[in-house]
Amino acid sequence: MNFIERAKILQNYYRSGNFKKVIEGCKNLNKKFPNNTFILNLSGMAFQGLNQHKKAIVLFESALQADNSNIAALNNLANSLKNIEEFERADEIFKKIIKTSPNYISAYNNYANLKIAVDDTEEAIKLYKKAIKLSQNNNENPLNILIHLANALQSLNRKKELTEVLEEIFKIDKDNILANKILTTIYKYTKADTKTIDHISRMEKIYIKKDLNNYDRARISFGLGKAYDDLKDTEKAITFFSNGNEAFKKTISSDVNLDIKIMNNIQKIFEKINLNKTHSNYSKKKMIFICGMPRSGTTLVEQIVASHPKVYGSGELSFLTNIIGEYFFNQNTSIEEKISEYMEFSRNIINEKYFNKFSLHHIQETIITDKAPFNFKWIGFIRLFFPNSKIIHCKRNPQDNCLSIYKNIFSSSKMNWAYDQKDIANYYNSYNSMMKFWYSKIPDFIYTAEYEKIVLDKKNEINNLLKFCNLEYDDNCFNHHKNTKTPIRTVSIDQARQPIYSSSVNAGRNYKDHLKELFENLD
């Protein structure tokens with residue numbers, strides 16, 4: 001079998017998602033054809049598929065050493081750099097590609113994805129539109145880029161443009177799963193609105209297709225669940241939500257016990273640490289960390305606080321999780337020793353690394369929000385290395401909170417426990433135990449924002465939030481639903497763009513007979 005034949009086989013493995021087979025085949029092929037730029041690039045792409053970006057970067061750089069004109073390897077290198085949050089270097093590479101190869105469509109699309117990551121959504125939209133135009137000029141299918149553009153427009157609540165883009169998508173693929181799922185976040189389904197009822201019929205026709213893979217079946221199931229939930233048809237809604245969860249579970253691997261073990265270990269570590277002895281060196285910029293369980297109101301609270309003219313809303317960041325993973329969990333020494341070591345340095349390396357990641361963000365404000373829910377795990381680290389920060393813990397009725405998780409599909413693999421009733425309950429119980437621990441250690445450092453109180457007593461609760469954040473009264477915070485300066489890229493996008501409403505309070509009661517395994521396992 002010659003090189004071309006073997007290469008085609010490896011490409012087929014890559015297309016089918018068999019990345020380990022690609023890596024193994026490239027390794028063998030590389031022995032016979034060392035420093036071959038095609039092999040090195042393909043192997044790097046396979047490591048990208050496994051989310052092992054540092055290994056991928058080494059291979060892309062080797063491919064470029066063998067042939068510095070390999071635009072595909074350069075594009076892939078920039079993508080992996082973006083994924084490990086080396087934004088500046090990735091930005092420089094994308095600029096270089098576009099300058100030298102102005103018709104390279106993939107670079108515009110991927111550069112736009114980088115702009116999304118650094119909160120420059122307007123620039124991302126321009127780049128997506130450029131990529132779409134180039135695709136159309138070359139008679140190429142712009143479907144995937146149109147989906148990216150739709151997500152960007154949705155995050156800024158630009159519904160008119162979003163609707164036009166969705167219409168373009170449906171012209172190409174009337175049954176497109178992702179576009180139909182986006183449409184469910186725009187529509188409020190009512191029996192009086194024939195347009196929304198027709199959309200349910202359209203989704204049901206897609207749902208019964210025999211050739212749907214589990215991922216697509218899950219997406220359309222959650223869309224139908226949402227539609228029937230709007231219509232107050234609990235029986236049909238829970239059927240589709242359950243089917244969606246079952247289908248999605250088949251596409252992922254999850255071990256909630258690993259998450260619980262990490263939370264328990266962190267508590268054991270911080271039992272011995274004095275959290276009143278904090279690092280003396282830190283940035284003058286102030287962080288407001290908004291955390292809690294997913295679907296507990298973190299997006300709503302961020303929209304309220306970030307509507308203030310002195311606050312920059314950065315959304316859901318992975319910065320802190322990645323830094324803590326790199327500096328404390330991926331080391332040979334114990335976490336306690338590493339904490340002690342970094343506390344003794346005159347420089348606050350953790351603080352510096354975190355703020356350096358904002359280098360491409362256009363931030364004029366001195367206060368920044370980070371609403372990654374899972375930062376509740378890192379409250380001890382925040383206290384030590386970000387002592388001038390504020391922590392807002394969003395809390396919600398446990399049944400309502402867990403129901404809302406069960407009703408949604410999430411893009412992050414950190415949420416892989418969210419598709420099983422018992423796993424959700426176990427995760428919630430562990431989170432609840434951890435928050436009790438932090439309150440026992442540093443009660444004055446954490447403000448509790450209760451979802452139900454915000455809904456029922458908006459004026460006082462928003463005033464209390466502003467007071468805790470040392471922010472003066474501002475009318476914008478009471479009209480947060482009009483705030484489009486902070487993009488929303490979470491499943492809360494539709495709710496957070498509306499005035500505060502109470503219909504989701506005690507929603508768990510409607511499903512108590514259907515989710516007994518979930519509700520009965522909650523502490």
Side-chain angles (χ1 to χ4, degrees), residues 75 78-79 81-83 85 87-88 90-99 101-138 140-173 176 178-186 299 302-303 306-307 312-318 358-365 369 371 411 481-494 496-497:
N75 182 47
N79 268 339
L81 289 167
K82 181 207 80 172
N83 280 295
E85 295 171 356
F87 298 130
E88 285 187 278
D91 188 81
E92 289 170 7
I93 292 171
F94 281 128
K95 284 177 181 174
K96 179 181 176 181
I97 296 170
I98 288 170
K99 186 176 180 181
S101 302
N103 294 320
Y104 191 61
I105 297 166
S106 184
Y108 289 95
N109 182 50
N110 293 329
Y111 193 18
N113 293 340
L114 171 65
K115 291 296 183 183
I116 293 290
V118 298
D119 237 6
D120 193 352
T121 308
E122 292 291 354
E123 187 60 30
I125 288 169
K126 291 176 187 175
L127 288 162
Y128 287 135
K129 288 180 177 178
K130 176 70 173 176
I132 291 164
K133 189 174 181 181
L134 284 171
S135 296
Q136 292 167 337
N137 290 343
N138 293 343
E140 294 182 22
N141 189 339
L143 183 61
N144 289 335
I145 309 169
L146 283 164
I147 293 288
H148 289 159
L149 176 59
N151 285 325
L153 291 168
Q154 185 186 27
S155 74
L156 295 178
N157 202 33
R158 284 158 59 169
K159 288 188 178 179
K160 184 176 182 295
E161 290 176 77
L162 171 59
T163 303
E164 290 169 358
V165 170
L166 291 176
E167 286 172 1
E168 287 299 311
I169 293 169
F170 291 132
K171 285 178 187 175
I172 299 169
D173 177 11
N176 187 273
L178 291 171
N180 275 289
K181 184 67 172 65
I182 291 171
L183 207 52
T184 64
T185 66
I186 298 173
T299 302
E302 183 184 47
Q303 286 296 305
S307 296
Y312 178 91
S314 63
E316 200 164 307
L317 301 174
S318 58
F358 287 104
S359 59
L360 292 182
H361 290 66
H362 304 298
I363 301 176
Q364 305 298 322
E365 299 85 349
T369 62
K371 62 136 292 211
S411 59
H481 54 286
K482 297 178 182 178
N483 169 21
T484 56
K485 71 171 186 169
T486 304
I488 302 175
R489 300 188 183 93
T490 69
V491 295
S492 307
I493 185 165
D494 184 53
R497 294 295 190 201

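These figures come from a predicted structure and were not determined experimentally. Along the sequence shown, residues are numbered consecutively beginning with 1.
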Quick one: closest heavy-atom pair of Gly313 and Ala306, and the distance? CA-CB, 3.7 Å
Evaluate the side-chain proximity of Tyr111 to Glu123: yes if any heavy-atom separation is below 4.5 Å, no if none is. no
Quick one, Tyr108 with Asn103, criterion side-chain hydrogen bond (donor to acceptor under 3.5 Å, both in side chains). Give me CA distance, side-chain angles, the key distance, then yes/no. CA-CA 9 Å; Tyr108 289 95; Asn103 294 320; over 6 Å; no
Determine whether Phe94 and Asn75 make a side-chain contact, defined as any pair of heavy atoms from C-beta on separated by less than 4.5 Å. yes
Verify, without hydrogens or angle tests, whether Ser314 (side chain) and Thr369 (backbone) share a donor-acceptor contact under 3.5 angstrom. yes
Is the closest side-chain heavy-atom distance between Leu156 and Ile125 below 4.5 Å? yes
Hey, can you tell me if His361 and Phe87 have their rings parallel, tilted or perpendicular (30° and 60° cut-offs)? perpendicular
Side chains of Asn109 and Tyr104, donor plus acceptor under 3.5 Å: no
Side chains of Ile172 and Leu146: closer than 4.5 Å at any heavy-atom pair? yes
Tell me whether Glu302 contacts the main-chain N or O of Gly315 through its side chain, where contact means a donor paired with an acceptor under 3.5 Å. yes
Minimum side-chain heavy-atom gap Thr184-Asn180 below 4.5 Å: no
Test: Lys171 and Glu168 ion pair at under 4.0 Å: yes
Check Lys115 with Asp91, please: is the shortest side-chain N to carboxylate O separation under 4.0 Å? yes
Would you say the side chain of Asn151 lies within less than 4.5 Å of the side chain of Tyr128, judging by non-hydrogen atoms? no
Between Asp173 (side chain) and Ile169 (backbone), is there a donor-acceptor pair under 3.5 Å? no
Note: Ala107 and Ile97 closest approach over all heavy atoms is CB-CG2, 3.5 Å
